[in-house]
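Proteins get letters first, then strands, A, B, ... in listed order; numbering begins at 1 in each. Since the structure is predicted, the reported quantities are computational estimates derived from the model, not experimental observations.
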Amino acid sequence: MKRRLDLNGDAKRPREETGSPTQDAKKQKSVQTKVNPHNQKPYSQNYYKILEKRKLLPVFEAEADFVQLVKEYQVVILVGETGSGKTTQVPQFLVNAGYARKGSKMVACTQPRRVAAMSVSKRVADEMDVPWGQEVGYSVRFEDNTGPNTILKYMTDGMLLREAMSDPKLDRYSVIILDEAHERTLSTDILFGLFKEILPKRLDLRLVVMSATLETEKFQTYFDNAPLMNIPGRLFPVEMYYTPEAERDYVEAAIRTVLQIHCCEGPGDILVFLTGEEEIETAVWRIDADAKEAVAQGKATMELRALPLYGSLPPQAQSRIFDDLPQTPPTRKCVVATNIAETSITIDGVVYVVDPGFSKQKVYNPRIRVESLLVSPISKASANQRAGRAGRTKAGKCFRLYTEVSFNRELTEQTYPEILRSNLGSVVLQLKKLGIEDLVHFDFMDPPAPETLMRALEQLNYLGALSDTGDLTEYGAMMSEFPLDPQLAAMLLNSPKYKCACEALSIVALLSVPTVFFRPRERARVADECKAQFTHANGDHLTLLNTYHAWKTAGESQSWCQDNFVNQRAIKSSDSVRTQLERIMKRFNLSLESTPFSSREYYPNIRKCLLSAFYMQSAHREAQGHYTIVKDAQVVKLHPSCVLSTKPDWVVYNEFVLTKENYIRTVTDVEPEWFFLCAPHYFDLDAFPSGEVKNSLQRLRRKMIKEGQLKEEEE
DNA sequence: CTAGGTGTA
């Protein structure tokens with residue numbers, strides 16, 4: 001039987017009824033003496049001010065019951081909707097209960113996003129009346145704000161996973177809280193499986209899984225019928241509206257709905273969910289135009305200002321959504337956003353939500369080994385999360401641009417977990433490093449398709465990270481230390497051999513951030529002309545390298561970025577990545593010595609090194625002028641952003657982009673001879689499908705043998 | 001003729 005503890009009904013019951021008399025006496029006493037047990041200082045005024053607000057949180061009353069559950073059970077599941085206060089309060093319950101002590105084990109709470117880890121830890125430090133970074137801190141990539149006194153640590157789930165690689169039993173923690181578990185990020189899912197392995201070996205360790213939604217049965221079953229505690233959320237009511245019939249064009253319908261709200265509904269801002277940058281920019285433009293017309297025709301009494309919001313928008317433009325709009329004339333705000341407004345960015349003051357029911361979602365096709373983004377219907381959980389955005393400050397309304405029947409019957413309960421939609425190359429590498437030998441029997445909450453696992457194992461075996469028996473090689477163990485995709489890590493590890501480690505570091509860092517080339521639609525031509533200054537005849541990778549060097553030469557100047565249409569945020573962040581990767585390379589004593597720039601081999605060495613890791617992603621130009629992927633025969637085109645004007649016969653590419661067409665993006669010209677020299681095991685031509693690629697490689701191979709560049713092998 | 005948003009000692 002599953003144990004459930006439901007606080008929905010009696011969340012407001014007075015404290016006296018729950019705690020024992022002695023406990024209450026102790027509490028009373030500590031309040032009277034007014035001393036902070038963490039630093040023996042008297043509590044500040046601010047502490048009491050915040051305390052009053054904390055007492056109003058629905059979760060506040062649950063402390064004693066929750067702590068009791070954690071005492072009794074190794075795993076506890078806690079469900080609390082938005083506004084319950086679980087993220088800030090639950091970790092403090094555990095600290096108060098003595099689960100964390102200075103110089104001993106800590107309480108950790110993971111978050112999927114770094115901003116959340118940072119901001120929540122600040123809030124909790126204030127609540128506990130201690131300096132941020134002392135007793136309470138955070139740890140995210142590039143930033144560790146913790147110290148020897150830290151007893152409560154907020155961190156990203158990815159960071160905890162990294163820690164597990166060197167601390168396989170997570171010995172420094174007494175309790176770990178996995179927050180936002182319903183989001184099912186790749187890292188959370190791996191951690192789930194990892195805890196299944198660790199918990200029996202660490203009977204003193206406690207795990208608290210916190211989630212905002214319904215899939216509680218699944219969580220309970222997975223964690224051996226762990227007890228479940230329910231905390232009510234605290235949102236204002238949101239009235240739901242559905243369309244009577246399905247809409248054919250959801251963008252049109254969304255724009256129309258915004259105008260209807262604007263003309264017919266009372267004051268309050270509007271939030272519209274669309275799927276991507278282009279869609280959003282078009283909609284913003286249309287909404288502004290249509291609203292002007294409505295005002296001119298006297299249909300609307302207020303002005304309307306539409307504002308875009310998506311991740312690739314510069315921070316300054318993003319923050320415009322928080323600006324107050326003029327009171328005269330009275331103006332209503334309409335934010336048109338991607339999924340970023342579903343979880344990452346909260347906009348208070350939103351009263352109306354328009355939800356067409358779609359988002360772009362990653363899908364992985366193991367057959368052609370390609371990840372792509374597809375506009376897909378959202379899940380019920382996601383739809384409810386969107387609706388909740390209307391009820392944060394007062395009662396609101398949500399307009400769903402689909403029928404109630406399709407909400408009930410067609411939407412899935414939960415978004416498909418990311419682990420089922422991803423290339424698992426780096427996941428498998430991480431799991432192997434974590435000591436999981438048998439991946440097939442690893443206890444995933446949702447096991448990935450066997451074909452996806454096979455593809456990952458095959459890829460890692462080709463790269464030399466796994467032996468033929470599937471064991472992690474020494475090279476693979478080194479690869480796993482880099483926070484990178486396997487090919488990128490391989491490129492770094494191979495770079496000393498090609499005497500281009502510095503250049504490889506720069507290129508790899510630039511490939512792990514969003515593109516540094518800024519290209520606003522209205523100034524696309526100027527932007528392209530600026531990019532042309534950095535163009536290298538051999539392709540995009542070296543063009544990236546040129547851009548990076550130009551930025552460094554210009555003293556990393558902000559105005560230089562503006563003048564040259566370079567995304568400053570992206571290039572700066574690539575520089576932090578580069579520093580981190582360089583540190584790891586130095587730790588492995590890898591030579592950072594470079595080929596002199598004056599040498600004729602400078603650029604060829606970099607291209608060879610690139611090929612030594614990306615040979616599985618190479619393409620050949622066919623007689624008709626299009627490219628086909630080597631060993632795969634998939635027809636592809638060079639992406640329009642590609643700088644190669646000469647259409648070389650052989651290229652290596654960074655990614656396969658599947659949109660209206662099949663594109664390969666970030667492409668570099670390579671010499672076919674290098675295939676046999678850099679990746680002989682992969683270019684075993686007997687394993688190739690017959691066709692133009694095989695024929696021309698066979699001719700080349702014979703020529704190379706004749707000229708003594710290649711040794712003849714047995715037939 | 002140009003892919004969302006998260007994230008990693």
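Among the protein residues, A:Arg113 comes within range of the sugar-phosphate backbone only, with heavy atoms under 4.0 Å from sugar or phosphate atoms but none that close to a base. Using a 4.0 Å heavy-atom cutoff across all strands shown, A:Glu183 reaches no nucleic acid atom at all. Contacts of A:Ser344 with the nucleic acid, taken as non-hydrogen atoms under 4.0 Å apart, involve only primed sugar atoms and P, OP1 or OP2. Residue A:Ser187 is out of contact with every strand shown, counting any heavy-atom pair closer than 4.0 Å. No engagement by A:Phe482 is indicated, since no non-hydrogen atom pair under 4.0 Å with the nucleic acid exists. Residue contacts shown for A:Gln580 are limited to sugar-phosphate atoms, with no base heavy atom under 4.0 Å away. Note on A:Glu371: a base of the nucleic acid sits closer than 4.0 angstrom, heavy atoms only. Contact annotation for A:Phe358: no contact, since no heavy-atom pair falls under 4.0 Å across all strands. At the heavy-atom level, A:Thr338 lies under 4.0 Å from the strands shown only through sugar-phosphate atoms.
Taking only side-chain atoms of A:Arg665, from C-beta outward, the nucleotide of B:dT2, B:dA3, B:dG4 with the closest atom is B:dA3. For A:Val115, the listed nucleotide lying nearest its side chain is B:dG7; candidates were B:dA3, B:dG5, B:dG7. Candidate nucleotides B:dT2, B:dG7, B:dT8 were compared by shortest atom distance to the side chain of A:Pro483, and B:dT8 ranks first. Checking B:dA3, B:dG7, B:dG5 against every side-chain atom of A:Arg114, the shortest atom distance belongs to B:dG7. For A:Arg141, taking side-chain heavy atoms from C-beta onward, the closest of the listed nucleotides B:dT8, B:dA3, B:dC1 is B:dT8.
In terms of position on DNA chain B, the residue among A:Asp485 and A:Thr275 whose nearest nucleotide sits closer to the 5' end is A:Thr275. Nearest-nucleotide positions on DNA chain B for A:Lys433 and A:Glu277 put A:Glu277 closer to the 5' end.
In this structure, CD of A:Glu522 is placed 16 Å from P of B:dT2, rounded to the nearest angstrom. The CD-P distance, from A:Gln385 to B:dG4, rounds to 21 Å in whole Å. Atom CZ in A:Arg519 sits about 8 Å away from atom C1' in B:dC1, given to the nearest Å. Per the geometry, CD1 belonging to A:Ile419 stands 18 Å off P belonging to B:dG7, to the nearest Å. Atom CG in A:Leu309 sits roughly 11 Å away from atom C1' in B:dG5 (whole-Å rounding). Taking atom CD on A:Glu655 and atom P on B:dA3, their separation rounds to 10 Å, with Å as the unit. A:Asn662 has its CG atom 14 Å from the P atom of B:dA3, to the nearest Å. Per the geometry, CD1 belonging to A:Ile340 stands 15 Å off C1' belonging to B:dA3, to the nearest Å.
Between A:Arg162 and B:dG7 there is no side-chain polar atom (N or O) within less than 4.0 angstrom of OP1 or OP2. Within the structure, a side-chain polar atom (N or O) of A:Thr156 is placed less than 4.0 Å from OP1 or OP2 of B:dT8.
Note that CE of A:Met155 and CZ of A:Arg141 are 14.5 Å apart. Values are rounded to the nearest 0.5 Å.
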inquiry  = Applying salt bridge (Lys or Arg N to Asp or Glu O under 4.0 Å) to A:Arg113 and A:Glu180, what does each step give before you reach the verdict?
reply    = CA-CA 10 Å; A:Arg113 283 166 289 280; A:Glu180 312 289 0; 5.2 Å; no
Return all side-chain donor-acceptor pairs below 3.5 angstrom for residues 508-517 of chain A, not counting sequence neighbours, or 'none' if the list is empty.
{"unit_1": "A:Ser512", "atom_1": "OG", "unit_2": "A:Val508", "atom_2": "O", "d": "2.6"}
{"unit_1": "A:Ser512", "atom_1": "OG", "unit_2": "A:Ala509", "atom_2": "O", "d": "3.4"}
{"unit_1": "A:Thr515", "atom_1": "OG1", "unit_2": "A:Phe517", "atom_2": "N", "d": "3.2"}

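Between A:Lys362 and the options A:Ser376, A:Ser372, A:Ser422, a side-chain hydrogen bond (donor to acceptor under 3.5 Å, both in side chains) holds for only A:Ser422. With A:Asp189 as the partner, the salt bridge (charged side-chain N to carboxylate O under 4.0 Å, His left out) test is satisfied by one option alone out of A:Arg421, A:Arg184, A:Lys196: A:Arg184.
Remark: the A:Asn145 side chain and the A:Ser121 side chain contain no N/O donor-acceptor pair separated by less than 3.5 Å.
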